[in-house]
Amino acid sequence: MSATASSPSALRDPSGPFADAVVDGLVRGATAANLGLTAEAALGGLNFDGGPEGDAAFPAHRLAQSAGRAPPEVAGALAAAFPSSPWVSSVRAKGAYVNFVADPARLTEATLASVLAFGPEYGHGESVAPPLCVEHTSANPTGPFHVGRVRNALIGDTLARVSRAAGVPVTTQYYIDDMGRQATMITWIWSKPREAWPAPIRAVVDGHETPGEKGDLHYGRPYPAVSAYLKEHDDAREEVSALVREIESGRAPASHRELAKTILDGMLASLARLGVRFDEFAWESDFVRDGSVDRVLDRLRGAPHAVREENGAWAIDASGYGLPKESTHVVVQRGDGTSLYVTRDVAYHLAKFARFARLVDVLGQDHQLHARTLDALLAEIGEARRPSFVIYQDITVPEGGRMSTRGGSAVWLDDLLAEAVDRARREVLVRREDLAEGAVDAIAEAVATGAVRYHILRVAPEKPVVFRWEDALSFEGRSGPFLQYSYARASSVLRRGDADRPPYPFEAARLSDPEELALVRLLARFPRVVSYAARSAHVQALAGYAHDLADRFNRFYHAVPVLKSGDERASRVALVAAVRQTLGNALDLLGVPRLETM
RNA sequence: GGGCGCGUAGCCUAGUCUGGAUAGGGCACCGGGUUCCUAACCCGGCGGUCGAGGGUUCAAAUCCCUCCGCGCCCGCCA
């Protein structure tokens with residue numbers, strides 16, 4: 001993480017002036033000591049992550065090497081030549097490193113002032129980045145979400161939240177694939193009277209339905225059986241193929257889109273509990289209907305590496321685009337004239353590029369090749385822009401293998417949430433006998449969804465995750481509920497100090513306990529964490545930061561009295577208010593519900 | 001076979017992009033803490049050849065090469 005030496009406003013990033021002072025002092029000191037050091041090199045070498053020796057550290061090795069001197073000697077010279085600065089209270093050479101300590105009073109003053117002034121905006125940026133479209137989830141409307149799919153939604157949703165906070169105008173989109181075989185299989189089976197369903201498909205439905213069940217559960221139930229059945233019955237498979245052609249040619253039965261919508265509504269209701277909402281929905285069929293898929297096909301057939309097959313199909317010889325050798329023959333139009341998923345996806349991406357300067361697609365690792373093929377086709381038709389991809393690994397089950405609907409290894413999101421709510425309810429009831437029924441339910445829901453969100457977001461997307469119930473339902477340690485608990489605890493302190501409400505006057509000099517200063521340093525770091533998470537798409541950095549802050553706050557809470565303190569009381573209350581604000585902002589970005597009490 | 005990703009204590013994980021000082025957390029386990037602002041908490045202890053080997057470098061969990069293990073993909077499916 002690098003310093004924001006060019007931070008537009010000291011107020012937005014309270015650690016900015018300190019970083020500027022260190023860089024500036026290093027450069028000037030180096031010059032005085034006859035060592036060449038540019039501001040850029042100083043910034044690049046500096047570590048602001050806060051080691052045990054101070055708030056910033058500068059390794060002198062590189063500079064020593066170019067100067068032909070010993071690193072400890074150079075470090076000593078840099079420290080000695082460092083000009084005094086009000087923001088830097090201590091400059092000390094230790095071994096080959098120069099350590100800098102920020103002036104506690106100034107840092108405290110700037111940080112609390114910034115947090116309390118910006119409030120819900122603290123940590124947010126004000127960049128003028130061009131509009132970004134984040135496409136995520138985009139699961140086929142064929143049945144309920146399982147936990148594996150939810151990883152996509154949570155990564156995408158959080159990326160959108162943190163990008164917005166960083167100052168980027170973001171639109172989220174869900175691409176609904178209502179054209180392909182998957183969605184068609186649903187229409188195929190439900191357009192038949194129940195008596196006409198093949199026995200193995202009927203078997204998974206009859207006796208398993210409950211009145212009033214969600215649309216995704218109800219209409220998606222036969223899907224795995226249909227999928228299995230089609231593998232072994234050519235006649236049925238041909239019926240589905242015929243239906244696919246009908247749909248693509250614009251003669252879809254009325255029930256087709258209705259079914260997709262009903263199932264989708266059920267899926268979205270589950271995601272909404274996790275705080276995931278979409279700005280826009282893009283229906284694949286719309287791109288076929290409005291002719292944009294045809295226009296893409298025109299361009300592809302006229303492209304430099306277009307190849308016509310014997311049966312009339314069209315392909316692109318994409319061997320010049322760095323795809324794996326076996327995957328360079330990309331069929332873009334079938335022999336029967338219909339398009340393929342990747343072709344339609346080109347049309348979709350062109351439509352997005354017409355409105356957004358930058359595109360991010362969140363995709364499972366099984367779509368990696370698709371992503372690269374899409375890139376190749378965009379290049380082939382002369383489109384210079386490319387989407388960027390956030391690829392995440394699958395969630396596997398302990399027995400091995402991917403979580404899948406067909407293999408029966410899926411853990412449904414709704415079941416996970418039901419179990420989590422159940423457990424959270426029991427936890428609340430043993431702690432809080434004073435609460436009314438409705439309040440218990442509200443807390444249980446927030447704890448449950450917060451736990452699930454955090455559990456998935458805490459891990460880097462590129463890491464595989466093995467789903468275990470006991471881990472997913474953990475309410476302790478590095479978990480969503482731990483953050484919520486810490487937030488509720490800070491809220492409780494503020495609530496009990498009846499007279500303590502904004503603007504929380506404070507005196508920085510009264511916050512001199514090591515626990516207090518550690519908290520202040522962490523608070524000051526938040527803007528850089530937000531900016532880094534948005535820039536790198538490492539949303540797990542936010543999860544880590546929130547835990548660190550909550551952890552530090554709890555240590556402070558146990559070590560330092562707030563409401564029962566004397567002259568320090570008002571300042572400590574202000575510190576608690578700043579922690580509550582910052583932790584709350586971090587929770588918002590993670591989509592973990594804030595809880596005032598629990 | 002090829003492509004992509006992953007491999008950090010008994011288990012989970014941060015750090016890897018941008019190489020820097022004794023590799024941070026959590027769970028589990030052991031020992032403590034509640035007449036005191038929320039014990040879903042805190043304090044202490046235990047536990048690491050950062051998959052293996054080689055290379056680059058003053059310096060490697062981090063970069064490069066080889067190998068091993070695991071996952072995914074390689075359809076006129078999506």
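Every chain is numbered from 1, with letters handed out A, B, ... down the list of sequences.
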Side chain of [X]: nearest nucleotide among [options]?
X	options	result
A:Y532	B:C37, B:C17, B:C76	B:C17
A:Q182	B:C77, B:A14, B:G3	B:C77
A:A460	B:C36, B:C4, B:A14	B:A14
A:H558	B:U38, B:C74, B:G33	B:G33
A:D394	B:G3, B:C72, B:C42	B:C72
A:L340	B:C42, B:U13, B:C77	B:C77
A:R496	B:C77, B:C41, B:U38	B:U38
A:K564	B:G26, B:C72, B:C36	B:C36

A:R426 and A:D422: salt bridge (charged side-chain N to carboxylate O under 4.0 Å, His left out), yes or no, with the steps? CA-CA 7 Å; A:R426 290 199 298 271; A:D422 213 53; 3.0 Å; yes
Rounded to the Å, how far apart are [X] [atom1] and [N] [atom2]?
X	N	atom1	atom2	value
A:R555	B:U38	CZ	P	21 Å
A:Y392	B:G71	OH	C1'	14 Å
A:M598	B:A39	CE	P	12 Å
A:R458	B:C27	CZ	P	11 Å
A:W469	B:C12	CH2	P	20 Å
A:Q333	B:C76	CD	P	14 Å
A:Y485	B:U38	OH	C1'	4 Å
A:L522	B:G24	CG	C1'	13 Å

Could you identify the nucleotide paired to [N], looking across every strand shown and requiring Watson-Crick or G-U wobble geometry with both distances under 3.5 Å?
N	value
B:A9	none
B:A59	none
B:U16	none
B:A52	B:U66
B:G71	B:C4
B:G31	B:C43
B:C36	none

Separation between the [atom1] atoms of [N] and [M], rounded to whole Å:
N	M	atom1	value
B:U22	B:U66	C1'	32 Å
B:G44	B:G26	P	10 Å
B:C41	B:U18	P	38 Å
B:G71	B:G19	C1'	29 Å
B:G54	B:G10	P	23 Å
B:C30	B:C46	C1'	7 Å

[X] side chain near [N] phosphate (N/O to OP1/OP2, under 4.0 Å):
X	N	answer
A:R402	B:C72	no
A:R489	B:A39	yes
A:K463	B:U8	no
A:R334	B:C77	yes
A:S492	B:U38	yes
A:Q65	B:C58	yes
A:R372	B:C73	no

Which is true for [X] with a 4.0 Å heavy-atom rule: it touches a base, it touches only sugar-phosphate, or it touches nothing?
X	result
A:V430	nothing
A:E310	nothing
A:V576	nothing
A:R426	nothing
A:H547	sugar-phosphate
A:M179	nothing
A:D471	nothing
A:S479	nothing
A:V562	base
A:Y341	base
A:G335	base
A:P561	base
A:E326	base
A:V466	nothing

Are [X] and [Y] an aromatic pair by the rule of ring centers under 6.0 Å?
X	Y	value
A:F100	A:F58	no
A:F389	A:H367	no
A:F482	A:H547	yes
A:Y545	A:F526	yes

Do the side chain of [X] and the base of [N] come within less than 3.5 angstrom through a donor-acceptor pair of N or O atoms?
X	N	result
A:Q365	B:G71	yes
A:N99	B:A21	yes
A:N311	B:C76	yes
A:K94	B:U22	no

Is any NZ, NE, NH1 or NH2 atom of the basic residue among [X] and [Y] found under 4.0 Å from an Asp or Glu carboxylate oxygen of the other?
X	Y	value
A:E515	A:R552	yes
A:D375	A:R372	no
A:D286	A:R257	yes

Within 6.0 angstrom of A:E470 CD, more than 12 heavy atoms from elsewhere: yes
Evaluate the side-chain proximity of A:Q540 to A:V459: yes if any heavy-atom separation is below 4.5 Å, no if none is.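 A side-chain contact under 4.5 Å is absent here.
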